[in-house]
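This report refers to the structure that appears directly beneath it.
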Amino acid sequence: MNRPVLLVVAHGSRDPRHAATVHALVRRARSSRPGLRVETAFLDFNLPSVTGALEGLAAEGVRDVVALPLLLTRAFHAKADIPAVLRQAPASLRIRQAEVLGPSPLLVSAVERRLYEAGLGPADKSATGVVLASAGSSDPEAIAAIAETARELRRTGWCSVRPAFASASLPRTEDAVRALRADGVRRVAVAPYVIAPGRLPDRIAAGAAEADVLADVLGPSPELARLVVERYDEARIDTALVAAG
């Protein structure tokens, strides 16, 4: 039996670093599962569009697709934008929408990987506070998921972890850094809780000016690549199909 094609649906950005990072992550996920066809599409700014990718797959005779939102939380894009565009797919396609990536222990591990790559180590945890800086959302479910990830990161041994947001919600990255300083934290690190570079990640980096350490975006980390494939596997056994409009 042929396996469904995995279509990774990314947000898209005018910043060329965004698409390059998404493609690197998809390549890593593809290499981890030989024989699995993995394609990429974007909601905005980049090509192929989701509609274009789905039409191309249908024209090839593909029948089953798992559409994976390359998102860390279930906010507007996952709840509204992506389902809407999937409903416009050719009627010949059977489409399952996978869950978003977060929350997951693998994301906590990916954040820690980036902090260690930025120069920290396990011995630094007890004296280091972390600002977990996300792009931001006004969706309560998304905010709660980020708070949950911050709590899980704190449980790994960092002396304090505070969520921060580049837009839509408060506090901003710089305010969270200052709050940790006011609490007497000796070392402050900013961990961008975003997948790829772009305008909002640049805002996070600017807000980290007073921090001691700035980690990189999550990018094509092994943990994210593994999580992409895990979400695909979960969706394959889910019988709920996206109804074609």
Side-chain angles (χ1 to χ4, degrees), residues 8-26 40-46 50 68-82 98-104 106-115 118 130-153 161-177 179-180 188-209 211 213-221 223-224 227-228 231:
V8 176
V9 180
H11 184 278
S13 171
R14 292 186 178 90
D15 188 323
R17 297 173 298 168
H18 175 92
T21 301
V22 169
H23 287 306
L25 173 58
V26 169
T40 310
F42 298 88
L43 283 173
D44 207 353
F45 302 117
N46 303 104
V50 180
L68 170 69
L70 196 65
L71 303 167
L72 299 178
T73 61
R74 287 191 75 246
F76 185 80
H77 291 307
K79 294 178 179 179
D81 284 348
I82 292 176
E99 289 295 328
V100 297
L101 298 180
S104 167
L106 286 169
L107 289 173
V108 175
S109 297
V111 169
E112 287 206 294
R113 172 186 293 275
R114 295 305 188 220
L115 287 166
V130 177
V131 175
L132 186 70
S134 72
S137 174
S138 58
D139 187 294
E141 183 179 354
I143 298 298
I146 292 164
E148 178 183 342
T149 300
R151 287 192 295 271
E152 291 302 315
L153 185 60
V161 178
R162 286 178 175 261
F165 308 92
S167 68
S169 306
L170 295 174
R172 296 287 182 256
T173 303
E174 54 269 32
D175 295 326
V177 170
L180 286 172
V188 176
V190 172
Y193 192 57
V194 292
I195 294 173
R199 178 177 57 88
L200 293 179
D202 284 349
R203 189 179 296 174
I204 290 171
V213 175
L214 172 61
D216 201 357
V217 299
L218 300 178
S221 65
E223 294 83 4
L224 256 69
L227 189 52
V228 164
R231 293 290 186 253

Of all the heavy-atom pairs spanning [X] and [Y], show the shortest one and how long it is.
| X | Y | result |
| --- | --- | --- |
| V131 | A164 | CG1-CB, 3.6 Å |
| S137 | A75 | OG-CB, 3.6 Å |
| D175 | P171 | CB-CB, 4.2 Å |
| A19 | F42 | CB-CZ, 4.1 Å |

Residues which pass side chain to side chain donor-acceptor pair (under 3.5 Å) with [X], listed by chain and number, not counting sequence neighbours:
| X | answer |
| --- | --- |
| R203 | none |
| H11 | H77 |
| E99 | none |
| D15 | R17 |

Please tabulate, for side-chain N and O atoms in residues 213-221, each donor-acceptor pair with protein atoms closer than 3.5 Å (sequence neighbours left out).
from	atom 1	to	atom 2	distance (Å)
S221	OG	L224	N	3.2

Notebook entry, point to check: Who are the salt bridge (charged side-chain N to carboxylate O under 4.0 Å, His left out) partners of D81, not counting sequence neighbours?
Noted result: none
Item checked: salt bridge (charged side-chain N to carboxylate O under 4.0 Å, His left out) involving R231 - partner list, sequence neighbours excluded ->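 For R231, the residues satisfying salt bridge (charged side-chain N to carboxylate O under 4.0 Å, His left out) (neighbours in sequence not counted) are E234.
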Could you tell me which residues satisfy side chain to side chain contact (heavy atoms under 4.5 Å, CB included) with [X], sequence neighbours excluded, listed by chain and number?
| X | answer |
| --- | --- |
| A78 | L71, V100 |
| A179 | R162 |
| E112 | Y116, K125, L153, T156, W158 |
| S169 | I143, F165 |

Check: Only one of V9, N46, T40 forms a side chain to side chain contact (heavy atoms under 4.5 Å, CB included) with V22, so which one is it?
Finding: T40
Check: salt bridge (Lys or Arg N to Asp or Glu O under 4.0 Å): which pairs involve residues 133-152, sequence neighbours left out?
Finding: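 Qualifying pairs: R74-E141, K79-D139, K79-E141, E152-R155.
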